[in-house]
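Numbers restart at 1 for each chain; the letters A, B, ... are given by sequence-line order, proteins then strands. Bear in mind that the values here come from a model prediction, so they are computed numbers and not experimental data.
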2 protein chains.
Amino acid sequence: MAEKIKEECNKLLLPVSDALDILSGKWKLPIIFALFLGNHRFRELQREVKGISGKMLSKELKDLEINQLVKRTVFDTSPVTVEYSLTEYGRTLEKLITELHNWGQQHRNIIFR
Amino acid sequence: MAEKIKEECNKLLLPVSDALDILSGKWKLPIIFALFLGNHRFRELQREVKGISGKMLSKELKDLEINQLVKRTVFDTSPVTVEYSLTEYGRTLEKLITELHNWGQQHRNIIFR
DNA sequence: CAGTATCCCTCGGGATACTG
DNA sequence: CAGTATCCCGAGGGATACTG
């Protein structure tokens, strides 16, 4: 019986972790915020997200792309230019981020008092 | 003007990061879930949260306590026993976790299809 | 039991140089 | 410009032994 409940909880855990994985880490949010402000070239993003290395930016964008949150568009100018933008689906993160913001904001009020 | 917007975003970022910091990492959620199931002694928690070391459990619980999410109660039996439980405030995480679960669940449906 | 202290190793990620 | 490959270091965290 208690075992049954624990199993249920573990099943609950996975989707929550999935959501967290997408948002947590040093760079995810800053990148997502930058993308919320508009479409962006790779270099632009690197400038906007202070301190991020090319390697990390590349990796994080790939992650977001795999999760269908970001769309990568290549223009065959020379040299090539690439644009990243949030997908329609990616924008559904906004609600979630707002919830996090609300909780985080009142938490600040509770802690720094 | 664009600068103004960026500043605003950075201010938005901090509370979101605060909320994420409390939930992300390898052990936070499993511990919180265990605590949702009831009050727990240190050893009990270590058994329930598979694979966690004493050092980590200790550190994470201290974090949660500092954030007023968990209450630590010492009973002067011999040897001492200690109980950890979610505070009333800690339980406000439930709503947030539910939101993360909802997003994560539908994300799984979109990705693993 | 409920932790703390120490040792030790992995590996995430920075810096740099390179390619198409 | 938009990345990839390589090298390298330090912090995070595991294992173990110890204490009140």
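Across all strands shown, C/dT19 forms a Watson-Crick or G-U wobble pair with D/dA2, both key distances being under 3.5 Å. Of all nucleotides present, only D/dC7 satisfies the Watson-Crick or G-U wobble test against C/dG14, with each distance under 3.5 Å.
Closest to the B/Val82 side chain, of the nucleotides C/dC1, C/dA2, C/dG14, is C/dA2. Candidate nucleotides C/dC1, D/dG3, C/dG13 were compared by shortest atom distance to the side chain of A/Lys59, and C/dG13 ranks first. Of the candidates D/dT4, D/dG3, D/dG14, D/dG14 carries the atom nearest the B/Ser53 side chain, counting heavy atoms from C-beta on. Comparing atom distances between the B/Met56 side chain and each of D/dA2, C/dC1, D/dG14 picks out D/dG14 as nearest.
For A/Tyr84, a side-chain nitrogen or oxygen approaches OP1 or OP2 of D/dG3 to under 4.0 Å. In terms of phosphate contacts, B/Arg43 brings a side-chain nitrogen or oxygen within less than 4.0 Å of OP1 or OP2 of C/dC1. Between A/Lys26 and D/dA11, a side-chain N or O to OP1/OP2 separation shorter than 4.0 Å is absent. Under 4.0 angstrom from either OP1 or OP2 of C/dC1 there lies no side-chain N or O belonging to B/Arg41. In terms of phosphate contacts, B/Ser58 brings a side-chain nitrogen or oxygen within less than 4.0 Å of OP1 or OP2 of C/dT4. The phosphate of D/dG12 has neither OP1 nor OP2 within less than 4.0 Å of any side-chain N or O from B/Trp27.
With DNA chain C read from its 5' end, the first of the two nearest nucleotides for B/Val80 and A/Val80 is the one closest to B/Val80.
Remark: B/Asn109 CG is packed, more than 12 non-hydrogen atoms of other residues, nucleotides or ligands lying under 6.0 Å away.
To the nearest angstrom, P of D/dC1 lies 6 Å from CZ of A/Arg47. Between the CD atom of B/Gln46 and the C1' atom of D/dG13 there is a distance of 14 Å, given to the nearest Å. The interatomic distance linking A/Leu57 (CG) with D/dG3 (C1') rounds to 10 Å, in whole Å. Whole-Å rounding puts the B/His40 NE2 to C/dA2 C1' distance at 16 Å. Between the CD atom of A/Glu44 and the C1' atom of D/dG3 there is a distance of 16 Å, rounded to whole Å. Here D/dG12 presents its P atom at 12 Å from NZ of B/Lys28, a figure rounded to the nearest Å. The CG atom of A/Asp63 sits 13 Å away from the C1' atom of C/dG12 (whole-angstrom rounding). As a whole-Å value, the separation of B/Leu61 CG from C/dC1 C1' is 15 Å.
Each of A/His101, A/His107, A/Arg108, A/Gln105 was checked for a side-chain hydrogen bond (donor to acceptor under 3.5 Å, both in side chains) with B/Asp18, and the lone residue meeting it is A/Arg108.
Scanning both residues, B/Thr87 and B/Lys71, for their nearest heavy atoms gives CG2-N, 3.8 Å.
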Take B/Arg72 and B/Glu83 through the test salt bridge (charged side-chain N to carboxylate O under 4.0 Å, His left out) and record every step on the way to the result. CA-CA 6 Å; B/Arg72 180 175 177 275; B/Glu83 257 188 29; over 6 Å; no
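The base of C/dG14 sits with one of its N or O atoms less than 3.5 Å from a complementary donor or acceptor on the side chain of A/Lys55.
Taken together through direct or relayed side-chain contacts under 4.5 Å among Ile, Leu, Val, Met, Phe, Trp and Tyr, B/Leu14 and B/Ile66 form parts of separate hydrophobic clusters.
The residue B/Phe75 sits apart from the nucleic acid: no heavy atom pair falls under 4.0 Å.
Here the side chains of A/Phe75 and A/Val80 are not in contact, with every heavy-atom distance at 4.5 Å or above.
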